[in-house]
There are 2 protein chains.
Amino acid sequence: MKKKKISIADIAKATGVSTTTVSFVINKKAKNNVSTAVIEKVEKYIKEIGYKPNLLAKGLRTGKTNIIVFMVEDISDRFFSSIARLMEEKAYKNGYKLIFCSTENDTERSRELLTLFKDRQVDGFIITPPVGFEEEVKTLIEEKIPVVLFDRYFEDIEVSHVVIDNMESMFKSVNSVFGKGCRNVAFITTDSKQSQMMGRLSGYEKAVRQHGAPRLVKEIPFFGVKEKSAVEEIQSFLDANPGLDGMVFSTNYLTKAGLKVLKNNKISIPGDMAVLSFDDDELFELYTPTISALSQPVESIADKLMESLLKQLNGKAEKDAIIQTELMGSLIERESTG
Amino acid sequence: MKKKKISIADIAKATGVSTTTVSFVINKKAKNNVSTAVIEKVEKYIKEIGYKPNLLAKGLRTGKTNIIVFMVEDISDRFFSSIARLMEEKAYKNGYKLIFCSTENDTERSRELLTLFKDRQVDGFIITPPVGFEEEVKTLIEEKIPVVLFDRYFEDIEVSHVVIDNMESMFKSVNSVFGKGCRNVAFITTDSKQSQMMGRLSGYEKAVRQHGAPRLVKEIPFFGVKEKSAVEEIQSFLDANPGLDGMVFSTNYLTKAGLKVLKNNKISIPGDMAVLSFDDDELFELYTPTISALSQPVESIADKLMESLLKQLNGKAEKDAIIQTELMGSLIERESTG
DNA sequence: CTGAAAGCGCTTACAG
DNA sequence: CTGAAAGCGCTTACAG
């Protein structure tokens with residue numbers, strides 16, 4: 001048996017006023033509508049019994065839950081978790097709560113998460129969409145549910161997004177490796193066709209072209225990329241390309257797999273091989289040698305994401321509410337490209 | 001303007017039946033109550049318009065939201081995230097959804113998260129409580145809200161929990177370091193008085209006593225332990241104790257700080273210093289040398305957590321529903337204690 | 001300044 | 001086999 005939950009009706013009865021009045025007091029709408037005496041009496045009683053409103057009922061009635069869902073590829077990833085932290089604060093300041101979850105870049109899982117929260121009437125979504133998520137995003141837009149994409153986007157959908165200029169950022173990164181005197185610089189990536197991956201690939205290709213260097217790309221099947229397979233794939237690529245003197249990885253988890261391989265093969269960094277990662281990671285500072293990385297501007301990303309979502313939450317005219325932002329990454333040069 | 005949401009009443013009108021009947025069809029309670037013809041008609045229409053029930057309303061009416069909250073110290077930590085993954089699956093199989101969040105071991109933040117979800121009437125909680133969370137846990141119990149603690153617990157509260165035998169696990173770990181011939185083995189920990197930390201300290205002390213070795217304990221102030229301060233504190237401890245030949249860390253993030261210090265001081269592992277971590281981490285497999293660690297049995301922990309919570313969700317008699325489980329950790333010996 | 005009443009979208013005991 | 005009606009706990013337009 002649950003301890004009977006207290007409702008507004010109970011408070012009204014106990015204090016001898018109407019539920020209307022109680023509701024006004026609770027929601028601070030009492031100002032010119034309720035006498036100070038009544039306000040004090042009700043507030044005192046509420047504190048006394050520790051009343052907490054049922055937010056399910058409130059949400060049902062008002063149509064607002066004040067919840068924003070932050071749905072990212074992997075909340076364990078430093079990149080996503082640090083943005084989540086910042087977003088949480090911003091959300092709070094604006095009267096919203098942030099709930100986060102990981103899609104693992106799995107379309108089916110993402111769909112389920114979306115349903116989970118849509119059915120519970122959350123107010124808005126911030127999403128790193130997996131491949132094949134176009135329909136879901138379109139539906140959100142049709143239903144006028146606030147949504148902002150980030151990290152990647154869909155070219156043919158008119159929706160707010162915050163991404164970085166992957167192409168230019170990668171171009172800059174690969175150039176720095178060539179700048180160290182490398183000639184045969186490989187690009188290790190996944191076979192995902194997501195916008196951010198395609199941008200990074202273009203950046204690499206542009207740098208290679210500019211330096212008249214060979215295009216050495218290894219695309220690792222996207223599924224199972226975080227498992228052993230990445231290590232094996234990189235190993236065989238390395239065996240097939242003995243002349244490599246530089247490796248650039250398109251994501252931090254690929255870099256980790258690559259470091260494992262280089263270690264297994266006792267290849268010294270940066271002596272025999274320069275290494276650079278797209279996306280930073282805690283490990284890269286600790287590793288011997290420390291690993292250079294392209295770091296994304298998490299503060300600005302979080303700023304833009306919240307700004308963009310708030311515009312929609314505050315119900316600006318649809319077209320006006322679409323904000324598409326592109327930011328630049330910054331290169332952190334460490335020992336691995338020294 | 002939102003596209004008008006469809007409700008059960010709309011479906012009832014459109015199909016010419018009552019809301020009662022629609023509700024029965026939706027909830028598969030139609031079996032002997034509704035004719036097959038009506039069932040088919042309603043189901044067809046529902047599919048056609050893509051109706052999704054408002055779970056806020058359902059929750060308000062039934063008093064069940066089918067949501068379990070998994071509130072852990074840090075969801076970015078491999079230990080917690082791998083348990084979260086397992087729990088999610090188990091929850092799903094039992095008709096529940098799992099929502100996770102990070103307390104950062106911050107009492108105030110934990111309180112806010114608890115309120116956030118309690119006010120929204122979630123069905124149960126799994127919590128790694130921060131210090132000073134006794135009252136909140138007691139309140140949950142009084143309110144008959146299902147709750148299971150894990151990783152740590154409060155001795156004087158009768159509530160379900162799942163923890164590991166920190167004392168024995170650490171004893172075993174420190175013994176293995178002595179087994180490698182070390183004599184001056186330090187224990188680096190936080191000054192937190194949480195049960196799991198106290199257990200780990202006792203395990204170290206027991207091992208030291210048994211080997212007639214000196215007790216060399218460094219307690220790092222808990223606040224800011226994940227920041228720079230840990231590195232500085234460990235450095236000064238190292239300076240003050242030049243004779244050390246082994247270091248055991250009470251958590252994986254302390255180990256990382258320690259590795260940074262050892263690297264800065266060019267102390268070779270395991271030649272000059274054996275290193276062992278309580279709690280494993282991805283980094284420890286990748287580091288040079290690989291780092292030995294005490295690994296917690298995540299599968300069994302997840303099993304027990306769900307079993308324990310389900311018992312309460314299914315409303316077993318209160319006293320019967322309390323399950324307190326203690327599991328053993330397993331030692332993974334790698335190069336750092338080689 | 002205050003309250004009676006309708007309604008958000010569901011479920012379910014009850015009557016037929 | 002089917003439906004009218006009450007009720008979960010809120011908010012708010014309206015009347016006084």
Side-chain angles (χ1 to χ4, degrees), chain A residues 2-43 46 49-67 95 118-123 143, chain B residues 2-43 46 49-67 95 118-123 143:
Chain A
K2 293 223 173 176
K3 205 168 104 181
K4 178 104 179 51
K5 270 286 266 183
I6 296 145
S7 75
I8 276 192
D10 299 326
I11 299 172
K13 201 177 297 171
T15 54
V17 301
S18 73
T19 58
T20 307
T21 304
V22 176
S23 174
F24 280 160
V25 173
I26 290 169
N27 294 297
K28 308 285 177 203
K29 293 186 180 166
K31 266 291 163 248
N32 299 325
N33 301 314
V34 187
S35 65
T36 346
V38 172
I39 295 183
E40 274 172 14
K41 182 171 64 176
V42 174
E43 279 183 342
I46 286 175
I49 57 170
Y51 166 75
K52 302 293 269 172
N54 179 328
L55 265 31
L56 246 39
K58 183 168 186 162
L60 175 61
R61 179 57 231 243
T62 62
K64 276 210 67 168
T65 51
N66 291 304
I67 287 189
K118 270 177 71 173
D119 290 354
R120 286 171 178 84
Q121 320 294 123
V122 303
D123 290 343
E143 295 171 335
Chain B
K2 293 224 175 174
K3 204 168 102 181
K4 179 105 178 53
K5 271 285 265 180
I6 296 146
S7 74
I8 276 191
D10 300 327
I11 298 173
K13 200 177 298 171
T15 54
V17 301
S18 74
T19 59
T20 306
T21 304
V22 176
S23 175
F24 279 161
V25 172
I26 291 168
N27 294 297
K28 310 284 175 201
K29 292 187 182 167
K31 266 293 161 246
N32 299 326
N33 301 314
V34 187
S35 64
T36 347
V38 172
I39 296 182
E40 274 171 12
K41 181 172 63 176
V42 174
E43 280 182 341
I46 286 175
I49 59 172
Y51 166 75
K52 301 293 268 170
N54 180 327
L55 265 29
L56 246 38
K58 184 167 186 163
L60 176 60
R61 179 57 231 242
T62 61
K64 276 210 68 168
T65 52
N66 290 305
I67 288 189
K118 270 177 69 171
D119 290 355
R120 286 173 176 80
Q121 320 295 122
V122 303
D123 291 342
E143 294 173 334

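Keep in mind that what you see is a predicted model, and the values were worked out from it rather than measured.
When each of dT12(C), dT2(C), dG9(D) is scored by its nearest atom to the side-chain atoms of Val38(A), the top-ranked nucleotide is dT2(C). If you check dC10(C), dT11(D), dG9(D) against the side chain of Ala57(B), the one that comes closest is dC10(C).
OP1 or OP2 of dG3(C) lies within a sub-4.0 Å distance of a side-chain N or O belonging to Ser18(A). Note on Tyr51(A): every side-chain N or O is 4.0 Å or more away from OP1 and OP2 of dG9(D). For dG3(C), one of the phosphate oxygens OP1 or OP2 lies less than 4.0 angstrom from a side-chain nitrogen or oxygen of Thr21(A). The phosphate of dG9(D) has neither OP1 nor OP2 within less than 4.0 Å of any side-chain N or O from Lys58(A). When the side-chain nitrogen and oxygen atoms of Asn27(B) are compared with OP1 and OP2 of dT11(C), one or more of them lie within a distance under 4.0 Å.
In this structure, Leu60(B) and Thr20(B) both approach DNA chain C, and ranking their closest nucleotides by distance from the 5' end singles out Leu60(B).
The CG atom of Leu56(A) sits 12 Å away from the C1' atom of dG9(C) (whole-angstrom rounding). In this structure, Lys64(B) places its NZ atom 20 Å from C1' of dG9(D), rounding to the nearest Å. The CZ-P distance, from Phe24(B) to dG9(C), rounds to 21 Å in whole Å. Look at NZ on Lys52(A): it is 16 Å from C1' on dC10(D), rounded to the nearest Å. Distance, Gln121(B) CD to dG9(C) P: 19 Å, rounded to whole Å. Straight-line distance from the CD1 atom of Ile8(A) to the P atom of dT12(D): 11 Å, rounded to whole Å. In this entry the distance linking CG of Leu55(A) with P of dT11(D) reads 9 Å, nearest Å. Atom CG in Asp10(B) sits roughly 13 Å away from atom C1' in dC10(C) (whole-Å rounding).
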Test log, rule side-chain contact (heavy atoms from CB on, under 4.5 Å), inputs Tyr51(A) and Ile8(A): CA-CA 9 Å; Tyr51(A) 166 75; Ile8(A) 276 192; 3.4 Å; yes
query: When you look at Ile26(A) and Lys58(A), which way does the side-chain contact (heavy atoms from CB on, under 4.5 Å) test go after all the steps?
result: CA-CA 12 Å; Ile26(A) 290 169; Lys58(A) 183 168 186 162; 5.9 Å; no
- prompt: Between Thr65(A) and Leu55(A), is a side-chain contact (heavy atoms from CB on, under 4.5 Å) present by the stated rule, with each step listed?
  reply: CA-CA 8 Å; Thr65(A) 51; Leu55(A) 265 31; over 6 Å; no
task: Take Arg120(A) and Ile67(A), measure what side-chain contact (heavy atoms from CB on, under 4.5 Å) needs, and give me the verdict at the end.
output: CA-CA 10 Å; Arg120(A) 286 171 178 84; Ile67(A) 287 189; over 6 Å; no
- prompt: Under a 3.5 Å cutoff on both atom distances, Watson-Crick or G-U, what's the dot-bracket for DNA chain D ([ ] crossing, | other strand)?
  reply: |||.||||||||.|||
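The two residues Leu56(A) and Leu60(B) make their nearest non-hydrogen contact at CD2-N, 3.8 Å.
When heavy atoms are screened at a 4.0 angstrom cut-off, Thr62(A) is found touching the sugar-phosphate backbone but no base atom.
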